[in-house]
Amino acid sequence: MGSKVLLHPGKSTLISQILYFVGKYLYALRFKIQVEVPSDLKLEGPLLVLSKHCSNHDIVAGLPVMADYLHRKDAWCIIKDSLTKPYFLGFFLKIGGIPIDRNNPDKSKEQLLFARKTLYEGNLLVLFPEQSRNRGKVGKGRSPGFRFIAGKPASPLQVICVGLDYQKGFPRRKLTIRFGSPMLYTKQADPEIFLHDCMLEIARLSHLTYKFPKPEPKQKNSD
């Protein structure tokens, strides 16, 4: 029994190259971007990146970094559905954006199925678990999108957390992008607790704190 999947136009090589140019070269005029990457990253196959969300600049600055430092040109990203309005001319879809209605996630099942399919076909997928921009703090990690996309992986899914640290500077602002070490998400893992641990890591990498309590583990049936 097959599932209905969103008909996405697919990534455009040309538009992705434009984004790369803007993020790497034009953004260098505004931001002094530094990247910290651990040496033990294993980059092949499905890779879920959970990132801090601070600004509209995050996607433009971050995706070229994925290409340069993770050597992955197959990056897709969960985006808010408002970025698909006609006046954007499909730009955010063509760079690999998968739109989700954050206010009504139940209406985004097809998009979430497409995101899961894209991830498990061996691509890199970026998810902002806060689901909204939070400057100077870390918002609560929202588990439904993560839980649906990650699913119950047949083999451990590699997950990497990313911290974003924007600082004032002159003549350019400083942006430090920090990658954590790989974490493995298995079908036995409690998604709420796993995401909580990831949010703690995102906060640490962003030089911030995560103030939300750890969720209680789900009770397993004794039957």
So Val159 and Phe194, side-chain contact (heavy atoms from CB on, under 4.5 Å) or not? Walk me through it.
CA-CA 10 Å; Val159 179; Phe194 184 89; 4.1 Å; yes

Taking atom NZ of Lys32 as the centre, does the number of heavy atoms from other residues, nucleotides or ligands within less than 6.0 Å exceed 12?
no

Can you tell me how far apart CG (Leu47) and CD (Gln158) are? Round to the nearest 0.5 Å.
5.5 Å

Go through the structure and list residues passing side-chain hydrogen bond (donor to acceptor under 3.5 Å, both in side chains) with Arg173, not counting sequence neighbours.
none

Heavy-atom closest pair (Lys73 atom, Ala67 atom, distance to 0.1 Å) is CG-CB, 4.2 Å

Just so I know, are the side chains of Val60 and Leu19 near enough to count as touching, which here means a heavy-atom distance under 4.5 Å?
yes

Could you see if Val22 belongs to whatever hydrophobic cluster contains Met66? Use Ile, Leu, Val, Met, Phe, Trp, Tyr and a side-chain cutoff under 4.5 Å.
yes

Any donor-acceptor N/O pair, Ser108 side chain to Asp101 backbone, under 3.5 Å:
yes

Using a 3.5 Å distance criterion without hydrogens, assess whether the side chain of Arg116 forms a donor-acceptor pair with backbone atoms of Phe148.
yes

Membership question, hydrophobic clusters at under 4.5 Å side-chain separation (ILVMFWY): are Ile59 and Phe179 in the same one?
yes

Inter-residue atom distance Leu113.CG - Gln111.CD, 0.5 Å rounding
9.0 Å

What's the separation between atom CZ in Phe92 and atom OG1 in Thr84, rounded to the nearest 0.5 Å?
10.5 Å

Separation between CG of Leu50 and CG of Leu127, rounded to the nearest 0.5 Å
5.5 Å

Grab the two heavy atoms, one from Lys11 and one from Gly96, that are nearest each other, plus how far apart they are.
CG-CA, 3.4 Å

Kindly write out the residues that satisfy side-chain contact (heavy atoms from CB on, under 4.5 Å) with Tyr25, not counting sequence neighbours, or none if the list is empty.
Tyr20, Phe21

For His207, the side-chain contact (heavy atoms from CB on, under 4.5 Å) test, sequence neighbours excluded, returns Asp165, Arg178

Relative to the ring of His57, is the ring of Phe31 parallel (under 30°), tilted (30 to 60°) or perpendicular (over 60°)?
perpendicular

Does Val49 share a hydrophobic cluster with Leu205, counting links as ILVMFWY side-chain heavy atoms below 4.5 Å and allowing steps through other members?
no

Is the side chain of Arg135 donor-acceptor paired with the backbone N or O of Ser55 at a distance under 3.5 Å, no angle test?
no

Enclosure of Glu121 CD (heavy-atom neighbours >12, cutoff 6.0 Å)
yes

Distance check, rounded to the nearest 0.5 Å: Leu157 atom CG versus Met183 atom CE?
11.5 Å

Linked, directly or transitively: Ile79 and Ile18 (ILVMFWY side chains, under 4.5 Å)
yes

Could you tell me which non-hydrogen atom of Leu125 sits nearest to which non-hydrogen atom of Cys77, and how far apart they are?
CD1-N, 4.0 Å

Is the backbone N or O of Pro191 less than 3.5 Å from a side-chain atom of Arg147, with the two atoms forming a donor-acceptor pair by type?
no

If the plane angle is over 60° it's perpendicular, under 30° parallel, otherwise tilted; pick one for His8 and Phe114.
parallel

Excluding sequence neighbours, so at least two apart, what forms side-chain contact (heavy atoms from CB on, under 4.5 Å) with Ser51?
Val126, Phe128, Val162, Leu164

Can you tell me which residue pairs pass the salt bridge (charged side-chain N to carboxylate O under 4.0 Å, His left out) test with a partner in residues 202-214, sequence neighbours excluded?
Glu201-Arg204

Do we see a donor-acceptor contact under 3.5 Å between the side chains of Tyr210 and Asp197?
no

Return the minimal non-hydrogen interatomic distance between Gly139 and Met199, and the atom names on each side.
O-CE, 3.6 Å

With no hydrogens and no angle check, is any side-chain donor or acceptor of Asn123 less than 3.5 Å from a backbone partner on Thr118?
yes

State, to 0.1 Å, how close Pro129 and Leu195 come at their nearest heavy-atom pair, and which atoms those are.
CB-CD1, 4.0 Å

Do the side chains of Ile193 and Ile149 join up, straight or via other hydrophobic residues, at under 4.5 Å, putting them in one cluster?
no

What one should report as the nearest heavy-atom pair of Pro99 and Asp81 is CB-CA, 3.8 Å

Do side-chain atoms of Tyr120 reach the backbone of Ala115 as a donor and acceptor pair under 3.5 angstrom?
no

Would you give the length of the straight line joining atom SG of Cys198 to atom CZ of Phe146, rounded to the nearest 0.5 angstrom?
6.0 Å

Verify side-chain contact (heavy atoms from CB on, under 4.5 Å) between Leu93 and Phe88, making sure each step is shown before the conclusion.
CA-CA 9 Å; Leu93 292 174; Phe88 287 117; over 6 Å; no

Of all residues at least two apart in sequence or in a different chain, which pass the side-chain contact (heavy atoms from CB on, under 4.5 Å) check with Asn134?
Lys52, Glu130, Ser132, Lys137

